Amino acid sequence: MTYKSIKGTRDILPSESWKWQRVEEKIRGVMHTFNFREIRTPLFEETSLFSRSIGELTDIVSKEMYTFRDLSGESLTLRPEMTASVVRAHIQHNLREQSPLVKLYYIGPMFRQERPQAGRLRQFHQFGAEAIGSQIPSLDVEVVALAVATYEALGVKKTILRINSVGCEKCRPPYKEMLKRHLTRVRDRLSAESQRRLDVNPLRVLDSKSEEDQSAMAQIPLLKDHLCPECSAHYASVKEELAALELQYEEDGRLVRGLDYYTKTAFEILSKDLGAQDALAGGGRYDLLAEELGGKPTPGIGFAAGIERLMMVSEKQKSFLDGEEKPAIFFAALGNEAQRWAMKQALELRRRGISAELDFLSRSLKAQMREADRQQVRHVIIVGENEVKTRRATIKDMKSGEQKTVSFDEVMSLFEKTNTDK
Ligand code: AMP
């Protein structure tokens, strides 16, 4: 029997991992320019952290979590998202003592037992940011601008920003009742899934993609028209400030997020180049979450973005313009003595930060040259038996085909030079 990776999980092989590294570096760079600092939390937490924050009735908690008992009998869950963990850490380490506004980002794997399909995995990766400690609308705009700037820096084109307000504990409950009444009236025209949702979480019916639901809900009242004065003013400020920064957005009165803890601003970034799973990122405000998790009342806003989906769009839009970085030098050595010399030179070059490779399969010189070519190495240093005798090496520029012979002693200085010439 041979083993395979678990359904919904993927290996990221070297042919792809270099792209992930590029993307992660870019993300870190943009986060730094906005002064967000990295947080790394454990991959698993107490189950109730997620059920309390995300909400018992949400899809994630009711059917998608990887929950298990450890040997002590405690119920643990692989994190399905990061906001709960970040807010837990913020409370646990009393981060508000260090700074009233804490700006954090993360990159890492998340786990949800969803039905795997293109752009939907069971172990997937997200990057995201959380700004905790202020309720002013500018902070919402800061976080949205950060999400947008990240896609810009990554060369992703034609993203669409959609925003909405999901209200607060004052205006959402009465709206929910009104929505339920309206939806009950058109119940027979709703899809089976929406009929089920109508009972458990009517807000989620709103963002159904099904056409029958869309047409049944054509006349449904929207929360943005029933916000309390505070939420309404907040939403208006966010829109004004987005416009002032020339950040294009679309209002989407049906945008609700799949997690219960959101209040006020909710947003998504989409790409038409993604197909059915078109959401690149989603986020929003969670002013009640810290309290819900036992902390002092602390407002916050954040977003989470899927890296696999980002990769799909980048592939489609061909935004990886330059390729993987290749070794600078390949030593094609023949015989023990030459190999020993090459090992030493390679080590010296690597100490200086120059990447060097050599042969470990005792191949012929010709086969080693072919290998260097396959790996698209720029320079090959050839040390055959003759070269060892004369203590001279032949250097071949694989791009121009030029070749020259230098003494062993000269090799190092030459490459320092070549490297700075580049
Ligand atoms: P959410 O935490 O559900 O708001 O998701 C935020 C982003 O993470 C989505 O917009 C997707 O880009 C990505 N994402 C969520 N779930 C998955 C999944 N199962 N597989 C791949 N990406 C996902």
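Both ligands and their constituent atoms are indexed starting at 1 by order of listing. Along the sequence shown, residues are numbered consecutively beginning with 1. The structure presented is a predicted model; accordingly, all values stated were derived computationally and were not measured.
- Only the side chain of Glu114 comes within 4.0 Å of ligand 1, counting heavy atoms alone; its backbone N, CA, C and O stay farther away.
- For ligand 1, the polar-atom distance check finds an N/O of Ala279 within less than 3.5 Å of one of the ligand's N/O atoms.
- Counted by atom type alone, Gln277 and Arg120 present one or more donor-acceptor pairs between their side chains at under 3.5 Å.
- Considering backbone and side-chain N/O atoms, Arg120 never comes within less than 3.5 Å of an N/O atom of ligand 1.
- Taking every heavy atom of both residues into account, Val205 and Ser194 meet most closely at CG2-O, 3.6 Å.
- When atom types are taken as modelled, the side chain of Thr67 and the backbone of Thr77 share no donor-acceptor pair closer than 3.5 angstrom.
- Taking the ring axis of Tyr105 as reference, the NZ or CZ atom of Lys103 does not stay both within 45° of it and closer than 6.0 Å to the ring centre.
- When each atom of ligand 1 is checked for a heavy atom of Leu121 under 4.0 Å away, the hits are 18 (C), 19 (N), 20 (N), 21 (C).
- Contact between Gln126 and ligand 1 is present, with at least one heavy atom of the residue lying under 4.0 Å from the ligand.
- Of all protein heavy atoms, the one lying nearest to atom 11 (C) of ligand 1 is Arg309 NH1, 3.4 Å.
- If you run side chain to side chain contact (heavy atoms under 4.5 Å, CB included) between Leu206 and each of Leu255, Leu179, Val166, only Leu179 comes through.
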Practice task
Decide yes or no on side-chain contact (heavy atoms from CB on, under 4.5 Å) for Met110 and His125, but give the supporting numbers first.
Solution key: CA-CA 6 Å; Met110 308 295 152; His125 298 77; over 6 Å; no
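- Where the criterion is an N or O separation shorter than 3.5 Å, residue side chain and backbone included, Leu280 meets it with respect to ligand 1.
- Side-chain N or O atoms of Arg309 include one that pairs as donor or acceptor with a backbone N or O of Ala279 at under 3.5 Å.
- Looking at ligand 1, you'll find an N or O of Gly306 within less than 3.5 Å of one of its N or O atoms.
- With hydrogens left out, the protein atom closest to atom 22 (N) of ligand 1 is Phe124 CD1, 3.6 Å, a heavy atom.
- For Arg10 and Gln123, the side-chain atoms include no donor-acceptor pair closer than 3.5 Å.
- The pair Glu371-Arg363 meets the salt-bridge criterion, with a side-chain N (NZ, NE, NH1 or NH2) lying under 4.0 Å from an Asp/Glu carboxylate O.
- Closest to atom 21 (C) of ligand 1 among all protein heavy atoms lies Gly119 O, 3.3 Å.
- Atoms of ligand 1 lying under 4.0 Å from at least one heavy atom of Arg112, given by number and element, are 1 (P), 2 (O), 3 (O), 15 (C), 16 (N).
- Judged by distance alone, the side chains of Gln375 and Glu357 never bring a donor and an acceptor atom under 3.5 Å apart.
- For ligand 1, the atoms lying closer than 4.0 Å to a non-hydrogen atom of Ala281 are 10 (O).
- Neither the backbone nor the side chain of Arg122 comes within contact range of ligand 1; no heavy atom lies under 4.0 Å.
- Distances shorter than 4.0 angstrom do not occur between any heavy atom of Glu81 and any atom of ligand 1.
- The protein heavy-atom contact nearest to atom 4 (O) of ligand 1 is Arg257 NH2, 2.4 Å.
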